[in-house]
*Asks:* 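Can you keep this structure in mind? I'll have questions shortly.
Just so it is clear: chains get the letters A, B, ... in the order the sequence lines come, proteins before strands, and each one is counted from 1.
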Amino acid sequence: MSTFTTVSLKNVLNKLYEGEDYRGEVISLIQDNFIAYSLDFLKRVMLAKIENKDITVDWYEKEFIQNEDLKKDEIAINSGMNMKTISNKYKTTKKDIVISASNDQYDDLKRAIDELIDVEKDLDLTLTIKYNKASVDLTLNETLIVINTLAVKRAAIRAGAWSSIGKNIEKPLMKSLCILYGVPEKNYEIIYKKADYSKNEDIYSREIDFYLVDNTEKSLLCEVKLMGKGNPEVADAVIARKTNLFVADTLSETNKRQLKDWNIEWIELRAKKGYEKVKDVLKSLN
DNA sequence: TGTCCGGGCGATGGAAGACC
DNA sequence: GGTCTTCCATCGCCCGGACA
């Protein structure tokens, strides 16, 4: 779970207004979370191995996969699989499905490690974890399992952070632009509730980031995307939502041409003085 | 080097349980 | 039977490696 503090959001807004890259803030959060997770995880690994030293069963499996105290997403990660993969593969994330998928995955992982180690007979590696006065050595197999889990967890932390920043910055960004350019409150609208997808007549409705309201009281749809290079689906998104104003971090020349052809106003924050274009855009949108 | 496209999770809200 | 909590499906967010 990685979410942003008010301070982080403020730092990101400042970067955007300076036309600089905002990603440093996100990368820091990912790193901090990952390091903290790694330390905690290694501590738990150490304790688990010590506590089970007299038992011949697979202590990792007992403590990190078949442990009833764990949440389903922890079990999935510990087995080496992210929740999204389970959701794609089994079309559900129900707890019992996640648990059985994790068990299968863990067996698979162990088999794969055995096979690879068999090929690389000359390689050995021991991970020694020391904490306070205790110390424990992990075998090559155990070390590889731990490395795999950390890698899978990092993917989860990374994706969560990017998802979170995108979701949480769009409304503060649009609102601050409105305040900065003196847009009267009656001329913009922040929608916090998303559309109700369950209603049949609304089946094609989409969530809208922000509305500007022009002087004829017509609502203008605004879309914010902070993504970097190489994501052509922006085109689909703005078309599907009949967007009037598109605010982005980075736009390709193709993007700009398309937006112009479709009569959609755009602002590219990473461009030099990118946000100053807002003034003209507001005028043009009446 | 630019595009494609699948991977990863957060936020949300309805459904299903859990508790009085 | 009503309220509170947990579960989980859905949509939307950006990344980043494969490919041309």
*Asks:* Quick one: which protein N/O atoms are closer than 3.5 Å to N/O atoms of nucleotides 16-20 of chain C? Pair and distance per line, please.
*Replies:*
from	atom 1	to	atom 2	distance (Å)
C:dG16	O6	A:N231	OD1	3.0

*Asks:* From CD1 of A:I86 over to P of C:dT10, roughly how many Å is that when rounded to an integer?
*Replies:*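 The answer, rounded to whole Å, is 17 Å.
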*Asks:* For residues 74-94 of chain A, which residue pairs pass the side chain to side chain donor-acceptor pair (under 3.5 Å) check, not counting sequence neighbours?
*Replies:*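 Sorted result for residues 74-94 of chain A: empty, none.
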*Asks:* Could you state the CE-C1' distance from A:M227 to B:dG7, rounded to the nearest angstrom?
*Replies:*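 Interatomic distance, CE of A:M227 to C1' of B:dG7: 16 Å.
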*Asks:* Between A:K84 and A:D96, which is nearer to the 5' end of DNA chain C once each is assigned its nearest nucleotide?
*Replies:*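 Checking each residue's closest nucleotide, the 5'-ward one belongs to A:D96.
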*Asks:* Consider the side chain of A:M83, meaning its heavy atoms from C-beta on, and name the nucleotide among B:dT3, B:dC9, C:dC14 that approaches it most closely.
*Replies:*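 Closest nucleotide among those given: B:dC9.
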*Asks:* Of the listed nucleotides (C:dC14, B:dG10, B:dT3), which one gets closest to any side-chain atom of A:S163?
*Replies:*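 Of the candidates, B:dG10 comes closest.
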*Asks:* When you check the phosphate oxygens OP1 and OP2 of C:dC8, does a side-chain N or O of A:T92 lie under 4.0 Å from one of them?
*Replies:*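 False: A:T92 side-chain N/O out of range (4.0 Å or more) of C:dC8 OP1/OP2.
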*Asks:* Are more than 12 heavy atoms, taken from residues, nucleotides or ligands other than A:K15, located less than 6.0 Å from that residue's NZ atom?
*Replies:*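 Open.
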*Asks:* To the nearest angstrom, how far is A:K72 atom NZ from C:dC7 atom C1'?
*Replies:*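 Atom NZ in A:K72 sits about 6 Å away from atom C1' in C:dC7.
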*Asks:* Considering every strand and a 4.0 Å limit on heavy-atom distances, what is the contact class for A:K94: base, sugar-phosphate, or nothing?
*Replies:*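 Touches sugar-phosphate only.
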*Asks:* Establish, with yes or no, whether the OP1 or OP2 oxygen of B:dG7 is under 4.0 angstrom from a side-chain nitrogen or oxygen of A:N88.
*Replies:*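 Answer is yes, contact under 4.0 Å.
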*Asks:* Quick check: on DNA chain B, is the nucleotide nearest A:S252 upstream (toward 5') of the one nearest A:I77, or the reverse? Name the residue that is more 5'.
*Replies:*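 Closer to the 5' end of DNA chain B: A:S252.
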*Asks:* Answer with base, sugar-phosphate or nothing: what part of the nucleic acid does A:N168 contact at a heavy-atom distance below 4.0 Å?
*Replies:*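 Counting heavy atoms under 4.0 Å across all strands, the contact made by A:N168 is with sugar-phosphate only.
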*Asks:* Once you apply a heavy-atom cut-off of 4.0 Å, does A:R23 come out as touching a base, just sugar-phosphate, or nothing?
*Replies:*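 The residue A:R23 makes sugar-phosphate contact but no base contact.
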*Asks:* At under 4.0 Å, does any side-chain N or O of A:N82 touch on OP1 or OP2 of B:dC9?
*Replies:*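 Affirmative; the distance criterion is met.
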*Asks:* In whole angstroms, how far is the C1' atom of C:dC8 from the CD1 atom of A:I99?
*Replies:*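 Roughly 14 Å, once rounded to whole Å.
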*Asks:* Nearest whole angstrom, please: distance from the P of B:dT12 to the CD of A:E170.
*Replies:*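 It is 10 Å, rounded to the nearest whole Å.
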*Asks:* Just wondering, do A:L9 and A:I165 contact through their side chains at under 4.5 Å, heavy atoms?
*Replies:*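 Yes; the side chains approach each other to less than 4.5 Å.
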*Asks:* Can you tell me how far C1' of B:dC9 sits from NZ of A:K71, to the nearest Å?
*Replies:*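 It works out to 15 Å between those atoms.
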*Asks:* Which part of the nucleic acid does A:L226 contact within heavy-atom distance under 4.0 Å: base, sugar-phosphate only, or nothing?
*Replies:*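 It contacts sugar-phosphate atoms only.
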*Asks:* Hey, is the side chain of A:K91 poking within less than 4.0 Å of OP1 or OP2 on C:dA9, counting only N and O atoms?
*Replies:*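 No, no such contact exists.
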*Asks:* From CG of A:D73 over to C1' of B:dG10, roughly how many Å is that when rounded to an integer?
*Replies:*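 Rounded to whole Å, this separation is 12 Å.
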*Asks:* NA contact type, A:S87, heavy-atom cut-off 4.0 Å: base, sugar-phosphate, or nothing?
*Replies:*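 Since no nucleic acid heavy atom lies under 4.0 Å of A:S87, the category is nothing.
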*Asks:* Are any of A:K95's side-chain N or O atoms less than 4.0 Å away from OP1 or OP2 of C:dC8?
*Replies:*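 Indeed not, no polar side-chain atom of A:K95 lies that close.
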*Asks:* Between P on B:dC9 and CD1 on A:I30, what's the gap in Å once rounded to a whole number?
*Replies:*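 So the two atoms are 12 Å apart, to the nearest Å.
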*Asks:* Would you confirm whether A:E25, through its side chain, and A:Y22, through its main-chain N or O, come within 3.5 Å as a donor-acceptor pair?
*Replies:*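 The answer is no, because no donor-acceptor pair under 3.5 Å joins these two groups.
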*Asks:* Is there a side-chain contact between A:N255 and A:E268, using heavy atoms and a 4.5 Å cut-off?
*Replies:*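 No; the side chains remain at least 4.5 Å from each other.
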*Asks:* Sequence neighbours left out, cut at 3.5 Å: what donor-acceptor pairs do the side chains of residues 38-46 of chain A make with other protein atoms?
*Replies:*
from	atom 1	to	atom 2	distance (Å)
A:S38	OG	A:F34	O	2.8
A:D40	OD2	A:R44	NE	3.1

*Asks:* May I ask you to say whether A:R111 pairs ionically with A:D114, meaning some side-chain N is under 4.0 Å from a carboxylate O?
*Replies:*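 The answer is no: the pair does not qualify as a salt bridge.
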*Asks:* Report yes if some heavy atom in the side chain of A:L29 is under 4.5 Å from a heavy atom in the side chain of A:S8; otherwise report no.
*Replies:*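 With C-beta onward as the side chain, the pair stays apart.
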